[in-house]
**Student:** 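Starting off with a structure, shown below.
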Amino acid sequence: MDFLKDPDIDPAPLADKRVAIIGYGNQGRAQALNLHDSGIDVTVGLRGASGSANEAEAAALRVALIEDAVAQADVVMLLAPDEIHGALYREIQPQLRQGAALGFSHGLSVRFGFITPRGDLDVFLLAPKGPGTALRSLYLEGKGMLAAWAVEQDATGSARGIALAYGRAIGSGRAGLIATSFAEEAEADLFNEQAVVWGAVPELLIAGFETLVDGGVSPELAYLECVGELQLIAELIEKRGIAGMREAISNTAELGALLGGRRIIDDSVRRRMAEVLAEVRAGRFAAELKQEEAAGYPRLERARRENRETLLEKTNRDLGEAKD
Ligand SMILES: NC(=O)c1ccc[n+]([C@@H]2O[C@H](COP(=O)([O-])OP(=O)(O)OC[C@H]3O[C@@H](n4cnc5c(N)ncnc54)[C@H](OP(=O)(O)O)[C@@H]3O)[C@@H](O)[C@H]2O)c1
């Protein structure tokens with residue numbers, strides 16, 4: 001496997017380049033600040049009415065309108081929401097310099113055809129495997145966040161060097177850069193979001209909480225059992241792997257996990273996971289995402305409102321107040 005760290009990566013391909021970071025949200029803020037602290041010439045590109053401009057300027061970053069930031073950049077990193085990448089690319093395409101590099105932190109918009117980059121551009125992926133807040137805090141601690149990298153289009157012969165140097169400059173080379181492709185990264189990431197960590201795990205916690213409460217257990221204890229212990233298992237898995245985590249818990253918990261885990265996550269779950277992967281690969285989720293954006297995010301807004309009002313969330317708030 002191509003797995004690279006700082007000593008394997010030449011920083012030179014980015015050293016004399018001007019980088020435009022488009023968007024100053026979760027990833028944009030962290031990547032712009034990390035690049036800046038690594039000595040890279042960064043401009044944050046924002047819309048005229050952006051509320052983020054003051055924040056970026058207060059962090060000593062140069063801020064410009066998107067079209068101006070793009071026009072003067074050798075490397076343009078698109079860090080606005082994936083579903084608007086198509087419209088954004090159509091807007092900035094006339095300003096993109098001949099032979100510039102266009103970067104992404106998720107393969108989705110290229111893999112599923114929201115964008116077809118111009119033939120003269122280098123197109124690369126540098127996808128940190130976690131949120132921007134952690135990317136930034138790890139960088140400040142002298143550590144880094146693992147990231148996946150790929151080249152989709154190498155028009156100038158420099159795309160690989162720029163992708164790796166970019167990964168090094170945001171601190172990810174301290175942890176490691178893993179080679180992938182836009183398609184592999186996009187499909188695996190969407191699969192995980194739906195079927196594993198972000199989709200299935202919270203639903204498992206909710207189902208467990210509701211089962212205990214329906215069985216007469218107090219919401220507070222049900223919450224502590226089913227939700228409150230998640231951080232403990234995450235830390236154990238991070239440090240020791242899944243086998244090591246299992247050996248670290250009591251025999252009671254280990255036997256319970258052995259008997260119960262596979263009863264819940266059985267072959268029917270694996271079959272549905274395979275269906276999710278097939279649907280992702282067929283572009284069904286990408287189409288849903290575009291539709292949701294075009295309609296003004298009605299499903300997301302409704303789900304956010306409903307989720308805030310559940311017994312589980314009320315219990316979380318009560319426990320938080322009890323701790324304060
Ligand atoms: N979030 C994560 O943890 C994470 C992790 C890995 C990779 N990624 C990838 O990183 C990329 C950025 O995701 P994100 O979560 O960081 O995005 P985000 O926080 O939602 O991005 C917000 C930024 O995008 C700008 N923006 C929104 N709509 C825009 C539009 N129509 N035109 C121009 N700018 C617009 C916003 O501008 P204003 O300030 O003007 O509102 C804001 O600065 C995505 O490709 C995502 O898949 C994200």
Side-chain angles (χ1 to χ4, degrees), residues 17-33 35 42-57 61-128 131-132 135 149-153 155 159 162-163 166 170 182-183 185-186 189-190 193 283 285-298 300-301:
K17 299 283 191 296
R18 305 193 76 178
V19 178
I21 299 288
I22 308 305
Y24 196 71
N26 193 314
Q27 284 294 320
R29 176 181 175 280
Q31 294 191 25
L33 289 171
L35 290 168
V42 189
T43 302
V44 175
L46 291 170
R47 322 180 253 201
S50 173
S52 314
N54 288 346
E55 204 201 320
E57 277 165 354
L61 293 168
R62 192 189 308 124
V63 176
L65 287 173
I66 292 175
E67 57 268 31
D68 297 333
V70 170
Q72 49 81 40
D74 306 297
V75 178
V76 175
M77 192 72 176
L78 277 200
L79 294 176
D82 298 296
E83 63 274 20
I84 62 126
H85 281 190
L88 190 55
Y89 178 74
R90 283 191 291 282
E91 254 177 69
I92 65 169
Q93 206 264 116
Q95 278 87 39
L96 274 165
R97 287 182 177 179
Q98 277 290 116
L102 183 61
F104 297 84
S105 281
H106 190 9
L108 188 156
S109 53
V110 170
R111 158 66 178 88
F112 293 105
F114 297 5
I115 293 180
T116 307
R118 229 170 49 200
D120 61 285
L121 301 171
D122 289 340
V123 180
F124 72 94
L125 175 79
L126 198 295
L135 181 72
W149 73 277
V151 168
E152 176 78 7
Q153 198 166 284
I162 289 174
Y166 188 98
I170 63 166
F182 273 62
E185 191 277 342
D189 203 61
L190 294 179
E193 283 162 2
F285 175 77
E288 294 263 3
L289 182 64
K290 262 188 163 164
Q291 249 174 39
E292 181 72 7
E293 188 270 335
Y297 303 99
L300 286 181
E301 295 290 350

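Because the structure is a prediction, the values reported are computed rather than measured.
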**Student:** Answer yes or no: is there a side-chain heavy-atom contact under 4.5 Å between Ile115 and Leu78?
**Tutor:**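 They are in contact (side-chain heavy atoms under 4.5 Å apart), so the answer is yes.
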
**Student:** Identify, with sequence neighbours excluded, every residue that meets side chain to side chain donor-acceptor pair (under 3.5 Å) alongside Glu57.
**Tutor:**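 By the side chain to side chain donor-acceptor pair (under 3.5 Å) rule, Glu57 matches no residue at all.
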
**Student:** Can you list the residues that meet the ring pair (Phe, Tyr, Trp, His ring centres under 6.0 Å) rule with Tyr24, with sequence neighbours excluded?
**Tutor:**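 For Tyr24 there are no ring pair (Phe, Tyr, Trp, His ring centres under 6.0 Å) partners, ignoring immediate neighbours.
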
**Student:** Could you go through Val110 and Leu125, starting from their C-alpha distance and side-chain angles, then the distance that decides it, and tell me whether this counts as side-chain contact (heavy atoms from CB on, under 4.5 Å)?
**Tutor:** CA-CA 10 Å; Val110 170; Leu125 175 79; over 6 Å; no

**Student:** Could you list the residues that satisfy side chain to side chain donor-acceptor pair (under 3.5 Å) with Gln27, not counting sequence neighbours?
**Tutor:**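 Listed in chain order: Gln31.
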
**Student:** Taking only residues two or more places apart in sequence or in another chain, which ones pass ring pair (Phe, Tyr, Trp, His ring centres under 6.0 Å) with His85?
**Tutor:**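 In terms of ring pair (Phe, Tyr, Trp, His ring centres under 6.0 Å), with neighbours along the sequence ignored, His85 is linked to Phe104.
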
**Student:** Give me each pair satisfying salt bridge (charged side-chain N to carboxylate O under 4.0 Å, His left out) with a member in residues 94-119, each pair once, sequence neighbours excluded.
**Tutor:**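 The answer is Asp74-Arg97, Arg111-Glu187, Arg118-Asp120.
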
**Student:** Determine yes or no for a side-chain-to-main-chain donor-acceptor pair under 3.5 angstrom, with Asn26 supplying the side chain and Gly132 the backbone.
**Tutor:**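 Yes, Asn26 side chain to Gly132 backbone: donor-acceptor pair under 3.5 Å.
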
**Student:** Using modelled atom types and a 3.5 Å cut-off, is there a donor and acceptor pairing between side-chain atoms of Gln153 and backbone atoms of Leu121?
**Tutor:**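 Answer holds: yes.
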
**Student:** Flag the pair Val63 / Glu55 as yes when at least one side-chain heavy-atom distance between them is below 4.5 Å, and no otherwise.
**Tutor:**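 Result no, sub-4.5 Å side-chain heavy-atom pair not found.
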
**Student:** Return the set of residues passing side chain to side chain contact (heavy atoms under 4.5 Å, CB included) with Ala64 (not counting sequence neighbours), or none when no residue passes.
**Tutor:**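 Side chain to side chain contact (heavy atoms under 4.5 Å, CB included) list for Ala64, sorted by chain: Thr43, Asp68, Ala69.
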
**Student:** Within the 4.5 Å heavy-atom criterion, are Asp122 and Val151 side-chain neighbours or not?
**Tutor:**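 No. Closest side-chain heavy atoms not under 4.5 Å.
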
